[in-house]
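Heavy atoms only: backbone and side chains are in, while hydrogens, waters and symmetry mates are out. Below, chains carry the letters A, B, ... as their sequence lines are ordered, and counting in each starts from 1.
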Amino acid sequence: MPHDPDPPPAKRFKPGSPFFRLDKKPGMLLPRVGHAPVSVDAQRRQLPIYPSRTQVINQLRQLHNAVFIGETGSGKTTQIPQYLYEAGIGRQGVIAITQPRRVAAISLAGRVAEEKRVQLGKLVGYTVRFEDVTSSETKLKFMTDGMLLREAIGDPLLLRYTVVILDEAHERTVHTDVLFGVVKAAQRKRTEQNKIPLKVFVMSATMDVDLFSQYFNKSPVLYLEGRQHPIQIYYTKQPQSDYLQAALVSIFQIHQEAPPSHDILVFMTGQEEIEALARTCRDISKHLPETCAPMTVVPLYASLPPTQQLRVFQPAPKGSRKVILSTNIAETSITISGIKYVIDTGMVKAKRYNPESGLEVLAVLAVQRVSKAQAWQRAGRAGREDAGSCYRLYTEDEFDNLANMTVPEIQRCNLASVVLQLLALGVPDVLNFDFMSKPSPESMRTAVDQLSILGAVERKDDQVLLTPMGKKMACFPLEPRFSKTLLISPEFCCTEEVLTIISLLSVDSVLYNPPARRDDVLAARKKFISSEGDHMTLLNIYRAFRKVSGNKEWCRENFVNSRNMGLVLEVRSQLRDICIKLNMKLESSLSDLANVRRCLAHGLFMNAAELHLDGSYVALDTHQTVSIHPSSVLFQAKPAYVVFNELLHTSRCYMRDLCLVDADWLHEAAPEYFRRKLRATKS
DNA sequence: GAGCACTGC
């Protein structure tokens, strides 16, 4: 590559329009203020929003709905809740500020508590799963949107709250989208019932403004200026057939021309290509002429151990340039300072969904083009402290042809959980729920069908009604099929085992598989392997882990991820508490694992497969040919019937996490369902 | 005989 006489970026790339802060828009435009912050108070006063404080407060007092459009650094998330409180708005109750991510909720609460000079958990607190740092004094409550949704099941009118602020609404997570409808209905009903009114404010980046405003009763849109610095956008002159090669070339061109203190952030699609490019960059940088600065290459993706993730925040050694190769984790979840250049490959790995059934029948991760919104989000990472540049490895025409928005998650996921939750919230007509972006009727119907097969709902005329079983299922923070499995476990006297297995399946794998130590891993794992399948193997590992009281050394020796195992314990204890609240009998089947498998068969029968004469497996639900994933302990076995956790569509269609079952168990679990399946096969 | 974007209750 270094021998390749490529033209410098200025020739290779074509400048596009610079990405400035928002142009003047109707509504409120707040002036920019320079920054030289000292104290917390001074910092607050220097935020761009501060001069308009009185104006903002007056608006907030009058409005029941508003949409705030603010750039990063405008201070909207930390300041507006405080303004509300300081002005006495909504003080009769609690002001909730929702976030899509846990870390954001926790750190924002910390920041606001510091600004208010109060102890976290008093006036200012936060609630996320496994952690509730609030008290009766808490008036400003930061929480994950999923947490507010769960609270809504017990209190659909959200009566504890006088204000709900839905932050980061442009991310359109499933939880935020469901919340939109829930808070809108709560607001309407509270007015109808002459209860204390609920104010709902939506905060978003520039996207989707009209959609939000329309949805919330044509609410006014307030624009807040931020501290985004101008970013020069560059496009390639020609389409690039190999975006990895293009990224490599661009990295070294910038490297050879820009001062070494300017860091580069490259957006890529996944671990494998990141690690490969990291190796290439390190190799090349070793052989560059001495006039060229050294390069520190830092990979960044979610599955990287936390200690290695922290490396992106460390400055590179003096005189060396930091080049971060990242997945879209750096788009939203992780903010790195000092980025002067962004290189955007324009690609992302995302779950592809079937638009016909509107359902992710199969998990297919595929590399695809980003949306314009994502491309702007990526570019914005170059202008956080100073002006920057973004090199897009695609042409301006290609950019123009990108989809405007990423399709909201609610339109590309299985809706069984969502529908169950809505029914538990008492939504009368789920199929016509007031979604901001409606999922396809097919995917809603499929969800209702699945819930009906699990016995969670009944159809009466045109209505979908929650059964007593469904009502209990909604109490668990689990996929419906798992809550069902757990709820029937007392019939098989194995609730303790099922609790363990479901907790193990709810977190990232507890199995640590460093490729370099493959033989050691196999040797260590051998003692846990159960011929009854992966679930039972995981159960054996958990039991051994408990026997040594979670000893870290034991985890290392046995290639068990102790952090994820810690999460398993937390999930398990939460699920166990819910079982106790529901008066479930907590029994252990001890050595009789057949009962446990029978219970899994009764809960996971929709994911069953049958061995055919030619040695292949056929999924009973869809009749497609499937295979046992090589990571399964049953890979070399050929059991006649299995249930599995998920299908993974890669080179073939693989079943992952298998459990050996009897055919009889499947039929006794859902006789009607299998009769129908049989008829479908014959016709 | 394979391969894992990212959240969250």
Side-chain angles (χ1 to χ4, degrees), chain A residues 98-105 127-132 143-154 168 171-179 267-276 300-304 326-334 345 347-353 363-370 374 377 406 408-410 412-413 417-418 420-421 424 473-480 482-483 502-503 506-509 511-515 518 522 567 570-571 574-575 577-578 627-636 646 648-657:
Chain A
T98 70
Q99 295 291 322
R101 279 171 295 280
R102 294 166 52 94
V103 275
T127 305
V128 297
R129 190 181 185 184
F130 307 131
E131 239 183 312
D132 181 13
M143 62 206 299
T144 45
D145 42 21
M147 207 64 218
L148 184 59
L149 209 50
R150 201 133 274 284
E151 280 189 10
I153 292 180
E168 308 284 7
E171 289 192 26
R172 304 295 305 272
T173 66
V174 176
H175 287 157
T176 315
D177 267 25
V178 177
L179 264 184
F267 282 102
M268 304 177 54
T269 72
Q271 171 176 355
E272 213 174 87
E273 81 184 18
I274 285 173
E275 291 295 353
L300 178 63
Y301 43 86
S303 61
L304 213 58
S326 172
T327 61
N328 44 0
I329 194 171
E331 257 171 44
T332 48
S333 305
I334 293 181
T345 58
M347 306 306 274
V348 66
K349 208 180 273 186
K351 210 171 241 179
R352 197 163 276 176
Y353 69 109
V364 190
L365 270 180
V367 173
Q368 51 199 57
R369 296 241 170 215
V370 296
Q374 252 179 311
Q377 180 73 29
T406 311
E409 202 185 349
I410 193 109
R412 54 187 166 94
C413 70
S417 302
V418 169
L420 185 65
Q421 206 149 21
M473 283 167 65
C475 297
F476 291 97
L478 290 171
E479 280 177 52
F482 289 143
S483 28
I502 283 170
S503 306
S506 314
V507 305
D508 289 334
S509 179
L511 308 178
Y512 175 55
N513 297 315
R518 207 168 147 267
L522 287 176
L567 282 173
E570 282 196 288
V571 173
Q574 185 190 28
L575 297 179
D577 287 346
I578 299 170
S627 314
I628 299 181
H629 196 273
S631 67
S632 171
V633 297
L634 294 181
F635 181 64
Q636 273 152 351
E646 61 175 354
L648 184 74
H649 197 92
T650 50
S651 56
R652 304 167 82 167
C653 195
Y654 285 110
M655 301 179 276
R656 269 215 299 213
D657 297 319

Q: Is it true that A/Ser631 and A/His629 share a donor-acceptor pair across their side chains at a distance under 3.5 Å?
A: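 Judged by distance alone, the side chains do pair up.
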Q: What integer distance in Å separates A/Leu648:CG from B/dA5:C1'?
A: 13 Å
Q: Given atom CZ of A/Phe635 and atom P of B/dG3, what is their separation to the nearest angstrom?
A: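 These atoms are roughly 11 Å apart.
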Q: Let me see the working for A/Glu171 and A/Arg101 under salt bridge (charged side-chain N to carboxylate O under 4.0 Å, His left out), right down to the final yes or no.
A: CA-CA 11 Å; A/Glu171 289 192 26; A/Arg101 279 171 295 280; 2.8 Å; yes
Q: Measuring to OP1 and OP2 of B/dA2, would you say a side-chain N or O of A/Arg656 lies under 4.0 angstrom away?
A: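 Answer is no, no contact under 4.0 Å.
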Q: For the pair made of CD1 in A/Ile334 and C1' in B/dC6, what is the distance, rounded to whole Å?
A: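 Whole-Å distance recorded here is 11 Å.
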Q: Taking atom C1' of B/dA5 as reference, at what distance in whole Å does atom CD1 of A/Ile329 sit?
A: 10 Å
Q: Does B/dG3 have OP1 or OP2 sitting under 4.0 Å from an N or O in the side chain of A/Ser651?
A: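 Yes, A/Ser651 has a side-chain N/O under 4.0 Å of OP1/OP2 on B/dG3.
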Q: Looking at B/dC9, I'd like to know if its phosphate oxygens (OP1 or OP2) sit under 4.0 Å from a side-chain N or O belonging to A/Thr144.
A: yes
Q: If I compare all heavy atoms of A/Arg150 with all of A/Ala474, which pair ends up nearest, and what's the gap?
A: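 Between these two residues, the closest heavy atoms are NH1-O, 3.2 Å.
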Q: A/Arg102 has an atom CZ; how far is it from atom P of B/dC6, in whole Å?
A: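 That distance rounds to 17 Å.
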Q: Provide, to the nearest angstrom, the distance between the CD atom belonging to A/Glu151 and the C1' atom belonging to B/dC9.
A: 12 Å
Q: May I ask you to evaluate whether A/Tyr301 reaches the phosphate of B/dA5, defined as a side-chain N or O under 4.0 Å from OP1 or OP2?
A: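 No, no such contact exists.
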Q: So, is A/Thr332 close to the B/dT7 phosphate, meaning a side-chain N or O under 4.0 Å from OP1 or OP2?
A: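 A/Thr332 to B/dT7 OP1/OP2: no side-chain N or O under 4.0 Å.
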Q: Using whole Å, what does the distance between atom C1' of nucleotide B/dA5 and atom CD of A/Gln374 come to?
A: 10 Å
Q: For DNA chain B, whose closest nucleotide is more 5', that of A/Ser303 or that of A/His629?
A: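 By nearest-heavy-atom nucleotide position, the 5'-most residue is A/His629.
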Q: Can you tell me the distance, in whole Å, between the OH atom of A/Tyr512 and the P atom of B/dG3?
A: 20 Å
